[in-house]
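First comes the structure, then the notes that go with it.
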Amino acid sequence: KPLERMLQDMTTYYQASYTPAIKEYDGTFRSVSVEPLRVGLRIRSQTGYLALPPRAGDGMAPQAFELPLKKILSATPLPADQAFQAAILHMGDSPDGNINTVAIEVPFSSVDIREDSSSNLYSAHLSLLAEIKDKTGALIEQFSEDIPRRGALRNLDAARSDAITLQRHFVAPPGRYVLEAAVLDDNSGKAGAQRIPFEIQAGTGMP
């Protein structure tokens with residue numbers, strides 16, 4: 001009897017799916033609850049899903065933490081509640097183009113730091129996004145990172161003089177570009193964004 005019941009359970013089932021009517025792809029978790037309308041049914045379902053946009057043509061899907069940052073970059077005017085510095089550092093030439101570095105620095109003293117006296121730990125949480133676009137607005141490079149920071153409370157005063165950084169290298173031909181950078185403090189909700197035009201000069205061929 002138990003074996004017959006197991007075989008019946010394994011071979012007699014229905015699978016249902018649906019496409020949620022998402023009005024805004026914000027990367028948040030949307031809970032799902034499924035309840036049977038009659039007795040005798042056993043339902044197994046996911047507890048929810050992330051509101052992520054469909055995969056692009058290259059098969060890559062944006063990460064959930066990137067979506068609020070992209071929304072920040074689309075705001076007018078750009079928010080300036082979270083202080084940070086961003087720059088493009090020109091590193092030199094290569095046969096494929098000019099080597100550059102995106103650098104973003106957020107003073108640790110400017111972020112919201114939560115202290116837990118029960119565990120004697122502090123925590124901070126930042127999300128960073130940098131997009132390089134050419135003069136037509138086409139996306140050339142994108143870099144992002146979700147950075148949780150934890151440490152012992154006894155080291156908090158020393159940590160306040162530190163900075164949270166993002167550094168990424170990229171290669172691009174000479175031309176005019178724009179760096180769009182966004183920072184989100186996940187603890188406080190404060191955000192900052194900058195739009196920085198820059199130009200990559202043609203190589204001189206000299207050391």
Side-chain angles (χ1 to χ4, degrees), residues 24-29 49-75 78-92 94 96-116 121-134 137-152 155-156 158-172 177-198 200:
E24 182 180 7
Y25 294 107
D26 54 8
T28 58
F29 182 79
Y49 61 91
L50 294 174
L52 297 175
R55 293 182 179 273
D58 55 6
M60 298 294 292
Q63 301 184 71
F65 76 89
E66 294 176 347
L67 298 178
L69 295 166
K70 290 179 176 291
K71 186 176 180 180
I72 290 169
L73 288 176
S74 66
L78 293 176
D81 297 326
Q82 176 59 55
F84 73 97
Q85 293 180 324
I88 297 292
L89 308 177
H90 302 291
M91 309 303 291
S94 74
D96 298 325
N98 193 289
I99 304 173
N100 302 274
T101 298
V102 178
I104 299 177
E105 182 179 271
V106 184
F108 197 68
S109 58
S110 69
V111 305
D112 184 71
I113 302 173
R114 296 183 177 177
E115 303 180 19
D116 187 352
L121 295 174
Y122 69 83
S123 63
H125 192 179
L126 283 181
S127 301
L128 295 86
L129 173 69
E131 293 185 345
I132 307 296
K133 297 181 178 180
D134 64 14
L139 182 64
I140 304 300
E141 294 283 357
Q142 176 179 298
F143 309 103
S144 63
E145 190 168 354
D146 189 47
I147 306 175
R149 180 72 62 87
R150 294 179 178 85
N155 300 326
L156 179 56
R160 292 184 191 274
S161 61
D162 199 358
I164 298 176
T165 61
L166 170 73
Q167 295 184 28
R168 296 290 188 273
H169 303 291
F170 68 96
V171 176
Y177 299 88
V178 174
L179 164 63
E180 295 186 352
V183 175
L184 175 63
D185 186 335
D186 293 88
N187 284 349
S188 65
K190 293 191 305 181
Q194 297 181 26
R195 189 169 285 116
I196 304 172
F198 68 96
I200 297 178

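- His125 and Asp112 form no side-chain donor-acceptor contact under 3.5 Å, judged by distance and modelled atom types alone.
- Screening Leu184, Leu67, Leu129 for a side-chain contact (heavy atoms from CB on, under 4.5 Å) with Ile72, the sole residue that qualifies is Leu184.
- Closest approach of Ala181 to Phe84, counting heavy atoms only: O-CZ, 3.8 Å.
- A distance-only check finds no donor-acceptor pair linking the side chain of Arg149 to the backbone of Ile164 [under 3.5 Å].
- Taking each heavy atom of Leu179 and Ala130 in turn, the nearest pair found is CD1-CB, 4.0 Å.
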Side chain to side chain contact (heavy atoms under 4.5 Å, CB included) evaluation trace for Glu66 with Gln142 = CA-CA 10 Å; Glu66 294 176 347; Gln142 176 179 298; 3.5 Å; yes
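- The two residues Phe108 and Ala124 have their closest heavy-atom pair at CE1-CB, 3.8 Å.
- Between atom CD1 of residue Ile113 and atom OH of residue Tyr122 there is a gap of 7.5 Å, rounded to the nearest 0.5 Å.
- Interatomic distance, CG of Leu126 versus CZ of Phe65, reported as 11.5 Å (0.5 Å rounding).
- Side chain to side chain, Thr101 and Gln167 fail the donor-acceptor criterion of an N or O pair below 3.5 Å.
- Note that CG of Asp146 and CG of Leu128 are 9.0 Å apart. Values are rounded to the nearest 0.5 Å.
- A salt bridge links Lys70 with Glu131: the distance from a Lys NZ or Arg NE/NH1/NH2 to an Asp or Glu carboxylate oxygen falls below 4.0 Å.
- Annotation for Leu73 and Ala193: closest pair CD2-CB, 4.1 Å, computed over non-hydrogen atoms.
- Within the 4.5 Å cutoff, the side chain of Asp116 has no heavy atoms near those of the Ser123 side chain.
- Taking 4.5 Å as the limit, some side-chain heavy atom of Met91 sits within range of a side-chain heavy atom of Leu89.
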Under the side chain to side chain contact (heavy atoms under 4.5 Å, CB included) rule, what do Thr165 and Val106 come out as? Steps first, then yes or no, please.
-> CA-CA 6 Å; Thr165 61; Val106 184; over 6 Å; no
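- For the pair Ser161 and Ala158, the tightest heavy-atom approach, listed with the atom from each and the gap, is OG-O, 2.7 Å.
- Looking only at side-chain heavy atoms (C-beta outward), Leu78 and Arg195 come within less than 4.5 Å of each other.
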Could you give me the CA-CA distance, side-chain angles and deciding distance for Arg168 and Glu145, then say whether salt bridge (charged side-chain N to carboxylate O under 4.0 Å, His left out) is met?
-> CA-CA 11 Å; Arg168 296 290 188 273; Glu145 190 168 354; 2.9 Å; yes
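- A distance of 4.0 Å separates CD of Gln82 from OG of Ser110, quoted to the nearest 0.5 Å.
- Here Lys190 pairs with nothing under the side chain to side chain donor-acceptor pair (under 3.5 Å) rule; sequence neighbours left out.
- One finds the CG atom of Asp186 at 3.5 Å from the OG atom of Ser127 (value rounded to the nearest 0.5 Å).
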Decide yes or no on side chain to side chain contact (heavy atoms under 4.5 Å, CB included) for Ile104 and Val183, but give the supporting numbers first.
-> CA-CA 9 Å; Ile104 299 177; Val183 175; 4.2 Å; yes
Step by step, work out the side chain to side chain contact (heavy atoms under 4.5 Å, CB included) result for Asn100 and Ile200.
-> CA-CA 9 Å; Asn100 302 274; Ile200 297 178; 3.4 Å; yes
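- A tilted orientation is assigned to the rings of Phe143 and Phe170, their planes being inclined by 30° to 60°.
- At distances below 3.5 Å, at least one donor-acceptor pair connects side-chain atoms of Asp134 with backbone N or O atoms of Ala138.
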